[in-house]
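Have a look at the structure below, then the notes.
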2 protein chains.
Amino acid sequence: MFNERSLTISQECEECPIRHRAVCARCETDELERLEQIKYYRKFEAGQMVIWSGDKMDFVGSVVSGIASLTQTMEDGRTQMVGLLLPSDFVGRPGRATAAYDVVATTDLVMCCFRKTPFEEMMANTPHIAQRLLEMTLDELDAAREWMLVLGRKTAREKIASLLTIIARRDATLHLKAGSGIEGPIVFDLPLTREAMADYLGLTLETVSRQITALRKDGVISLEGKRHVTVPDMERLMEEAGDDSDGGLLV
Amino acid sequence: MFNERSLTISQECEECPIRHRAVCARCETDELERLEQIKYYRKFEAGQMVIWSGDKMDFVGSVVSGIASLTQTMEDGRTQMVGLLLPSDFVGRPGRATAAYDVVATTDLVMCCFRKTPFEEMMANTPHIAQRLLEMTLDELDAAREWMLVLGRKTAREKIASLLTIIARRDATLHLKAGSGIEGPIVFDLPLTREAMADYLGLTLETVSRQITALRKDGVISLEGKRHVTVPDMERLMEEAGDDSDGGLLV
DNA sequence: CGGAGCGTTGACGACCTTCAACCTCTGTGG
DNA sequence: CCACAGAGGTTGAAGGTCGTCAACGCTCCG
């Protein structure tokens, strides 16, 4: 296979699609210039490992495009996804030498990376970066806790509906920037295989498949192919997820 | 009942039991003096609500002694504990106006509080506080993700063993400060009711009770009363938890 | 064509929940 | 002083949800 890791991708920070949501969101022009000097891009193909748990982690970075997943694995092979990394999400922990989780490219993936030491130095004298990272970490903590409720207390059907809700909501905030209302059917593609969904939800892939079929038969969603989903009534889906229909706190 | 909230408790930061682990851990003497001016203590009795989810949250603070829990509740009453707050843990989110979770005093509780606005102002010009808060938040995120594996993939027996392991480990790091080895039996009291354990583990209280009985019958633990636990062989307990026996990353 | 990857469906059974009875301990009031 | 209620906990029986094992379909690709 062609190793794409070494590809050089040139991109100005000012035109970066994640400029205003990533760890650099609050940086001023001069700060951005310094970041620009130490950044480099890496590409991964779908399915490729980005980092192995326990390995030395000599870089940190942001997801620019594509999706990556954070997973934990037990000795006997049971695995649980503990995070879904979307564009602008941050990978790596300043101050820690080794990776705590496996990071896998779920789709083709582009990351904007910094070697750890220069980044940590910049963080020390650039409050804007540390502030933004704190904000992002607090958001992730909220998302993780939200997910604990899903894992601990929801039924298989509710779990699927919850996942679909999250993906639909994220897609909505991405696409319709203008406040074109949340009415009408919502359409999106599942970025995950049935197995990845199962790992996310603490289910087996068979149960995921069955519950998706059930939601389809009950008219909550409709499918074209395996991955293309239409949600005719978003409120209905959220009821199935067991959430308040007035929308969660998290975006 | 006697309302203990208004009690004044005087305590010097320098002599504070959580001085070196809490959000103020990195503060210099002068920074500590400023914190001392805006801090105040609050006491809660076991079972008392500290904050209701959705309520306006006009303070933040640290747990000084006792245990509090963070819980989420669904409309139909299902509840999931999403965090266990031990001494030195931080409560509240700078930058957010309302509480995202219920906070309940699980035992009698003392908190060191700051009104939110003055604290946020201090944070803005005291990097030591923001740095420490970032560190603590990253630790909490790790703990939450560890817990996602427990909730999503472990059996009831493994869940109980995991909880016991966490409590035992924490108790060990608290008590034997000198490196007196991790050999020999470990003894501690459960700070949670069976119901609270169930809420933490995503189980019913009956299942918790049955699995504790099973672990006792199998000699993994022994009990005096309902709450006093002896672990004769810590390694055995960790095997039951499904963890690597060589100890997790998290303390 | 054969195989791999992804997905669906069925049969069966284990694990856990649900519902219920009962126990112990503690504090309260007659 | 005892009765009683309530909280916390244990145990049993029955049933449902979801996991396991297996067969099969589809699409893509060498």
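By convention in this document, chain letters (A, B, ...) are assigned in the order of the sequence lines, proteins followed by strands, and residues within each chain are numbered from 1. When reading the values below, keep in mind they use all heavy atoms of this one structure, side chains included, and skip hydrogens, waters and symmetry mates.
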Heavy atoms under 4.0 Å, any strand shown: does [X] hit a base, just sugar-phosphate, or nothing?
X        : value
A/Gly225 : nothing
B/Leu205 : base
A/Gly47  : nothing

Between [atom2] of [N] and [atom1] of [X], the distance in whole Å:
X        : N      : atom1 : atom2 : answer
A/Lys226 : C/dT9  : NZ    : P     : 8 Å
B/Met197 : D/dG8  : CE    : P     : 15 Å
B/Arg216 : D/dT11 : CZ    : P     : 6 Å
B/Lys159 : C/dC15 : NZ    : C1'   : 11 Å
B/Ile212 : D/dT10 : CD1   : P     : 6 Å
A/Arg78  : D/dG19 : CZ    : P     : 12 Å
A/Glu195 : C/dA4  : CD    : C1'   : 14 Å
A/Leu203 : C/dC15 : CG    : P     : 18 Å

Is the base of [N] touched by the side chain of [X] through a donor-acceptor pair closer than 3.5 angstrom?
X        : N      : result
B/Arg227 : D/dG9  : no
B/Arg210 : D/dG12 : yes
A/Glu206 : D/dC21 : yes

> Should B/Thr207 be listed as having a side-chain N or O under 4.0 Å from OP1 or OP2 of C/dC16?
Replying inline: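 Result: no.
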
> At their closest point, which heavy atom of B/Ala100 faces which heavy atom of B/Ser53, and how far apart are they?
Replying inline: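 In this case the closest contact between B/Ala100 and B/Ser53 is O-OG, 3.3 Å.
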
Measure from the side chain of [X], starting at C-beta and using heavy atoms only, and say which of [options] lies closest.
X        : options                : answer
B/Thr213 : C/dT18, D/dT11, D/dT10 : D/dT11
A/Ser209 : C/dT18, C/dC16, C/dT9  : C/dT9
B/Ala156 : C/dC16, D/dC18, D/dT10 : C/dC16
B/Thr204 : C/dT18, D/dC18, C/dT8  : C/dT18

>> Treating A/Arg153 as the side-chain partner and B/Leu203 as the backbone partner, does any N or O pair qualify as donor plus acceptor under 3.5 Å?
In response: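 Flag set: sc A/Arg153 to bb B/Leu203 pair under 3.5 Å.
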
> Counting only N and O atoms by type, is there a donor-acceptor contact under 3.5 Å from the side chain of A/Glu240 to the main-chain atoms of A/Glu158?
Replying inline: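 Not at all, since once roles are kept as given, no pair shorter than 3.5 Å links the two residues.
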
> Is any side-chain heavy atom of B/Phe188 closer than 4.5 Å to a side-chain heavy atom of B/Leu164?
Replying inline: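 Yes; the side chains approach each other to less than 4.5 Å.
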
>> Assuming nearest nucleotide by heavy-atom distance, tell me which of A/Arg194 and A/Arg153 is located more 5' along DNA chain C.
In response: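 Final value for this comparison: A/Arg194.
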
> Are A/Arg210 and A/Glu206 close enough for a salt bridge, meaning some N to O gap below 4.0 Å?
Replying inline: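 Salt bridge absent between A/Arg210 and A/Glu206.
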
